[in-house]
Amino acid sequence: MAVESAQTLERGLRLLRLLAETPNGLTPTELAAALGVSRPVVYRLVASLQNEGFARRDAAGRVLLGFGVVKLAQAVQPLLMAAAVPALRRLAEASGATAHLTVAEGGEGLAMAVVEPSWTNLHVAYRAGSRHPLSKGAAGLAILSLREGKPRIQATEGQLQEGARGVAAPITGLEWLEASVGIISFGDLDVRVAGPLVSEAAKELGEALDV
């Protein structure tokens with residue numbers, strides 16, 4: 001009985017992952033083929049997920065993610081911030097610049113967590129919760145480079161705030177997260193120095209979140 005329950009749970013989680021990777025949804029037949037199970041099994045899994053709000057059916061019968069996953073995502077945000085702060089603090093202290101974790105939400109970048117250096121007399125005040133187009137600023141451009149399949153360090157000047165310079169690196173290896181780690185400063189930012197710092201912080205955070 002325990003083995004059967006574990007198998008059902010595993011299939012349900014795999015089904016959710018498939019739906020997350022397919023915004024337009026899948027038919028029960030497509031889900032059955034992807035999971036390697038019969039359609040009756042898929043119907044039972046979908047019914048259970050629908051009861052909890054994690055799956056829904058459209059008018060054509062396709063299965064899509066349910067809005068219940070939004071509540072789960074909201075619960076994850078504090079965990080993401082808690083995981084990011086130690087790496088951002090080390091980055092801010094090492095660079096003397098304001099460090100930040102930026103997460104993609106559609107075509108915008110959301111500053112999820114921000115840490116300012118403790119030892120500088122002047123640094124950029126960057127508020128957590130700030131949003132900007134991904135096409136502007138090093139953080140957004142780093143995320144776009146990830147989407148394009150060519151993740152790389154990005155550097156910009158004056159795109160989000162006059163006189164401010166930014167350097168950012170995408171977090172790679174996490175299918176469920178489009179994000180970057182970066183720094184922003186009014187002073188000079190030598191990419192040869194800042195680039196490895198943000199890249200190492202992005203790698204550190206990616207490893208911490210790779211569960």
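Because only heavy atoms are used, hydrogens play no part in the values below, and waters and symmetry mates are left out as well, while side chains stay in. Keep in mind that this is a model prediction, so the values were computed, not measured.
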Undergrad: Rounded to the nearest 0.5 Å, what separation is found between the OG atom of S145 and the CD1 atom of I153?
TA: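 With rounding to 0.5 Å, OG (S145) is 9.5 Å from CD1 (I153).
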Undergrad: For the CD atom of E108 and the CZ atom of R131, what is their distance to the nearest 0.5 Å?
TA: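 Here the rounded value is 5.5 Å.
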Undergrad: Among all residues two or more places apart in sequence or in another chain, which pass the side chain to side chain contact (heavy atoms under 4.5 Å, CB included) test with V70?
TA: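 Partners of V70 by the side chain to side chain contact (heavy atoms under 4.5 Å, CB included) criterion, ordered by chain and then number, come out as Q74.
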Undergrad: State, yes or no, whether a side-chain contact exists between R17 and W176 at a heavy-atom distance under 4.5 Å.
TA: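 When only atoms from C-beta onward are counted, W176 and R17 do not touch, as no gap falls below 4.5 Å.
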Undergrad: For L205 versus A83, what's the shortest heavy-atom pair and its separation?
TA: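 Nearest pair, atom of L205 first, then A83: CD1-O, 3.6 Å.
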Undergrad: For I143 versus A179, what's the shortest heavy-atom pair and its separation?
TA: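 Looking at all heavy atoms of both residues, the shortest contact is CG1-C, 3.8 Å.
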Undergrad: Taking all heavy atoms of L146 and all of I171, pick out the closest pair and write down the distance.
TA: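 Between these two residues, the closest heavy atoms are CD2-O, 3.5 Å.
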Undergrad: If every non-hydrogen atom of A201 is compared with every non-hydrogen atom of V181, which pair is closest and at what distance?
TA: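 Between these two residues, the closest heavy atoms are CB-CG1, 3.8 Å.
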Undergrad: Between S180 and A139 (side chain of the first, backbone of the second, donor and acceptor by atom type, cut-off under 3.5 Å), is there such a pair?
TA: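 Yes.
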Undergrad: Could you tell me whether a side-chain N or O of S48 sits under 3.5 Å from a main-chain N or O of R44, the two making a donor and an acceptor?
TA: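 Answer holds: yes.
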Undergrad: What distance separates R57 CZ from R62 CZ, expressed to the nearest 0.5 Å?
TA: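 Answer for the CZ-CZ pair, R57 versus R62, is 10.5 Å.
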Undergrad: So do the side chains of H100 and I184 get within less than 4.5 Å of each other, counting heavy atoms only?
TA: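 H100 vs I184: side chains touch.
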Undergrad: Would a hydrophobic clustering, with Ile, Leu, Val, Met, Phe, Trp and Tyr connected at side-chain separations under 4.5 Å, put V85 with Y126?
TA: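 No, V85 does not connect to Y126 through the hydrophobic network.
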Undergrad: How long is the span from the OG1 atom in T102 to the CE atom in M112, to the nearest 0.5 Å?
TA: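 Spacing of OG1 (T102) from CE (M112) equals 9.5 Å.
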Undergrad: Can you pull the salt bridge (Lys or Arg N to Asp or Glu O under 4.0 Å) pairs that have at least one residue in residues 73-100, sequence neighbours excluded?
TA: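 The answer is R90-E204.
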Undergrad: Check for me whether R165 meets the cation-pi criterion with F186, that is, NZ or CZ under 6.0 Å from the six-membered ring centre and within 45 degrees of the ring axis.
TA: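 No, cation not above the ring by the 6.0 Å, 45° rule.
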Undergrad: Which residues pass the salt bridge (Lys or Arg N to Asp or Glu O under 4.0 Å) test with R147, not counting sequence neighbours?
TA: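 E178.
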Undergrad: Is Q159 reaching over with its side chain to a backbone N or O of G137, donor-acceptor style, under 3.5 angstrom?
TA: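 Side chain of Q159 to backbone of G137: a pair is present.
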Undergrad: Same cluster for M81 and I183 if Ile/Leu/Val/Met/Phe/Trp/Tyr side chains link at under 4.5 Å?
TA: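 M81 clusters together with I183.
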Undergrad: Residues sharing V42's hydrophobic cluster, by side-chain heavy-atom contacts under 4.5 Å among ILVMFWY, directly or via others?
TA: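 L15, L16, L18, L19, L26, L31, L35, V37, V41, L45, V46, L49, F54, V63, L65, V69, L72, which link up through side-chain heavy atoms under 4.5 Å apart, make up the rest of the cluster.
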Undergrad: Which heavy-atom pair separates R39 from P28 by the least distance, and what is that distance?
TA: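 Here R39 and P28 meet closest at CG-O, 4.2 Å.
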Undergrad: Are L141 and V167 linked, directly or through other ILVMFWY residues, by side chains that come within less than 4.5 angstrom of each other?
TA: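 In one cluster: no.
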Undergrad: Check whether L197 and L101 end up in the same hydrophobic cluster, where Ile, Leu, Val, Met, Phe, Trp and Tyr are linked by side-chain heavy atoms less than 4.5 Å apart.
TA: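 Result: yes, single cluster for both.
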Undergrad: How long is the straight-line distance from CG of D210 back to CD of E175, given to the nearest 0.5 Å?
TA: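 One finds 10.0 Å between CD of E175 and CG of D210.
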Undergrad: Apply side chain to side chain contact (heavy atoms under 4.5 Å, CB included) to N24 and list each qualifying residue two or more places apart in sequence or on a separate chain.
TA: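 In terms of side chain to side chain contact (heavy atoms under 4.5 Å, CB included), with neighbours along the sequence ignored, N24 is linked to no residue.
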Undergrad: Return the set of residues passing side-chain hydrogen bond (donor to acceptor under 3.5 Å, both in side chains) with H123 (not counting sequence neighbours), or none when no residue passes.
TA: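 side-chain hydrogen bond (donor to acceptor under 3.5 Å, both in side chains) list for H123, sorted by chain: E116, T120.
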Undergrad: Are L160 and L189 linked, directly or through intermediate hydrophobic residues, by side-chain heavy-atom contacts shorter than 4.5 Å (ILVMFWY only)?
TA: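 No, it is not one cluster - the side chains of L189 and L160 are not joined through contacts under 4.5 Å.
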Undergrad: Counting distance only, does the side-chain N/O of T98 pair as donor-acceptor with the main-chain N or O of A125 below 3.5 Å?
TA: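 Side chain of T98 to backbone of A125: no pair is present.
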Undergrad: Determine the minimum heavy-atom distance between L134 and G106, stating which atoms define it.
TA: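 Nearest pair, atom of L134 first, then G106: CD1-O, 3.5 Å.
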Undergrad: Find the distance between CG (L144) and CZ (R152) and round it off to the nearest 0.5 Å.
TA: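 That separation rounds to 9.5 Å.
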Undergrad: Quick one: do V114 and R127 satisfy side-chain contact (heavy atoms from CB on, under 4.5 Å)? Show the steps, please.
TA: CA-CA 7 Å; V114 177; R127 181 174 57 84; over 6 Å; no
